[in-house]
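See structure below.
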Amino acid sequence: MANIIHITDFQDPRLDIYARLTENQLINRHEPEKGLFIAESPKVVERALDAGCQPVSMLLEEKHIEGQASHVIRRCGDIPVFTADFQVLTQLTGFHLTRGVLCAMRRPPLPSPADICSGKSRIAVLEHIMNPTNVGAIFRSAAALGMEALLLTGDCSNPLYRRSIRVSMGAVFQIPWTFLEDSQPDHGIQALRSMGFKTAAMALREDSRSIDDPRVMAEPRLAILLGSEGDGLSAKTIEGCDYTLRIPMSHQVDSLNVAAASAVAFWQLRPIHSDRERLC
């Protein structure tokens with residue numbers, strides 16, 4: 001049964017998780033088993049619950065208790081459900097973007113790269129992508145367009161930052177992901193090769209193949225590597241990959257934002273047993 005608690009003061013310490021703790025404080029790097037994240041909107045909370053994430057508390061507008069959040073409240077058991085007038089809640093930065101529902105949840109333990117790559121045919125590797133909006137958008141495209149897992153270097157933005165979760169529409173809970181154990185992906189490339197993956201770097205180079213290269217599309221196991229918003233993949237990473245690919249451009253446009261490029265790459269290089277076969 002829901003434990004409804006009405007809040008009247010924005011400074012109430014029980015709102016600290018939602019109003020005053022930074023992303024780094026929520027992560028709790030010193031005690032990662034105590035780390036938290038914030039899911040926003042009933043749909044995203046639902047996807048996090050479906051993925052097995054454990055709720056700690058909720059914060060929502062009172063009208064949602066019997067409205068659009070009623071189902072997720074029932075699923076969350078007897079955790080505290082804080083509610084307040086809209087005027088109180090709008091003091092939280094960005095609350096108007098949340099569809100009136102926030103849920104604090106425990107960060108799940110991350111699997112190993114080997115665990116999430118086992119049995120997969122298409123994965124993506126993100127190197128030094130620090131913008132949480134781009135990370136969230138890449139996850140959404142990956143989930144929609146056939147990628148089966150994502151690996152991130154340690155210097156990437158965390159996929160469980162609030163903005164990443166929001167932009168991904170909860171896709172961060174729908175597709176397996178983890179961080180590479182080394183911040184440099186070259187060791188990860190070697191590990192991927194040992195698991196039977198060919199590696200394809202998305203990069204603008206003279207020797208880059210077109211993204212629709214039949215040989216690359218036919219690879220039974222392929223890892224697609226995407227680099228930072230400004231500099232792209234490091235030269236060392238590109239040199240270590242089996243292929244270097246580029247998206248053909250027109251009107252003298254030289255490149256796309258990494259999130260947009262990821263969607264094109266994921267669609268073109270999706271597994272051969274996906275919609276591409278079913279449409280033939």
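The first residue of the sequence shown is numbered 1, and numbering continues consecutively from there.
For Glu31 (side chain) and Asn28 (main-chain N/O), no donor-acceptor pair under 3.5 Å exists by modelled atom type. In this structure, the side chain of Glu127 engages the main chain of Ser234 through a donor-acceptor pair within 3.5 Å.
You'll find the side chain of Ile73 reaches within 4.5 Å of the side chain of Met58, heavy atoms only. Side-chain contact between Ser262 and Phe139 is absent, with no heavy-atom pair separated by less than 4.5 Å. For the pair Lys43/Gln68, no side-chain contact is recorded, criterion being any heavy-atom separation below 4.5 Å from C-beta on. Looking only at side-chain heavy atoms (C-beta outward), Leu226 and Phe266 come within less than 4.5 Å of each other. Residues Arg162 and Leu102 are in side-chain contact: their nearest non-hydrogen atoms beyond the backbone lie under 4.5 Å apart. Inter-residue side-chain proximity for Arg106 and Val56 is flagged as met; some heavy-atom pair is nearer than 4.5 Å. Looking at heavy atoms from C-beta onward, Met195 lies out of side-chain contact with Lys120 at the 4.5 angstrom threshold. Between Thr199 and Val125 the shortest side-chain heavy-atom distance does not fall below 4.5 Å.
Criterion: ILVMFWY side-chain heavy atoms under 4.5 Å apart, direct or through other members. Under it, Leu145 and Val258 are part of a common hydrophobic cluster. In the hydrophobic clustering of ILVMFWY residues, with side-chain heavy atoms under 4.5 Å counting as a link, Tyr18 and Leu21 come out together. In the hydrophobic cluster analysis, where Ile, Leu, Val, Met, Phe, Trp and Tyr join through side-chain heavy atoms closer than 4.5 angstrom, Leu126 is grouped together with Ile175. Taken together through direct or relayed side-chain contacts under 4.5 Å among Ile, Leu, Val, Met, Phe, Trp and Tyr, Leu160 and Val167 form parts of separate hydrophobic clusters. Residues Leu110 and Ile165 fall within the same hydrophobic cluster, defined by Ile, Leu, Val, Met, Phe, Trp and Tyr side chains chained together at heavy-atom separations under 4.5 Å.
Of the inter-residue distances, the one linking Ile224 atom CD1 with Lys198 atom NZ reads 15.5 Å to the nearest 0.5 angstrom. Summarising the geometry, atom CZ belonging to Arg205 is positioned 4.5 Å from atom CD belonging to Glu239; distances are rounded to the nearest 0.5 Å. Between Leu150 atom CG and Ile123 atom CD1 the span is 8.5 Å, to the nearest 0.5 Å. Atom CZ in Arg107 sits 15.5 Å away from atom NZ in Lys34 (nearest 0.5 Å). For the atom pair Leu233 CG and Ser228 OG, the distance stands at 7.5 Å (nearest 0.5 Å). Taking OG from Ser157 and CG from Asn131, the interatomic distance works out to 7.5 Å, rounded to the nearest 0.5 Å.
A salt bridge links Glu46 to Arg75: one of the charged nitrogens lies within less than 4.0 Å of a carboxylate oxygen.
Between Asn158 and Glu23, the side chains place no donor N or O within less than 3.5 Å of an acceptor N or O (distance only, hydrogens not considered). There is a side-chain donor-acceptor pair under 3.5 Å between Asp115 and Ser112.
Shown here is Arg221, whose CZ atom has more than 12 heavy atoms of other residues, nucleotides or ligands within 6.0 Å. Counting non-hydrogen atoms of neighbouring residues, nucleotides and ligands closer than 6.0 angstrom, the CG atom of Asp207 exceeds 12 such neighbours. A 6.0 Å sphere centred on CD of Glu66 holds no more than 12 heavy atoms belonging to other residues, nucleotides or ligands. Taking a 6.0 Å sphere around CE of Met249, one finds it holds more than 12 heavy atoms contributed by other residues, nucleotides or ligands.
In this structure, Ala223 and Phe197 approach most closely via the heavy-atom pair N-CD2, 4.0 Å. Gly240 approaches Ile189 most closely through the heavy-atom pair O-CG2, 3.7 Å.
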If you apply the rule side chain to side chain donor-acceptor pair (under 3.5 Å), what do you find for Asp212 with Ser210, and how did you get there?
CA-CA 5 Å; Asp212 60 355; Ser210 174; 2.5 Å; yes

Walk me through it: do Ile211 and Met202 pass the test side chain to side chain contact (heavy atoms under 4.5 Å, CB included)?
CA-CA 9 Å; Ile211 197 171; Met202 297 297 301; 3.9 Å; yes

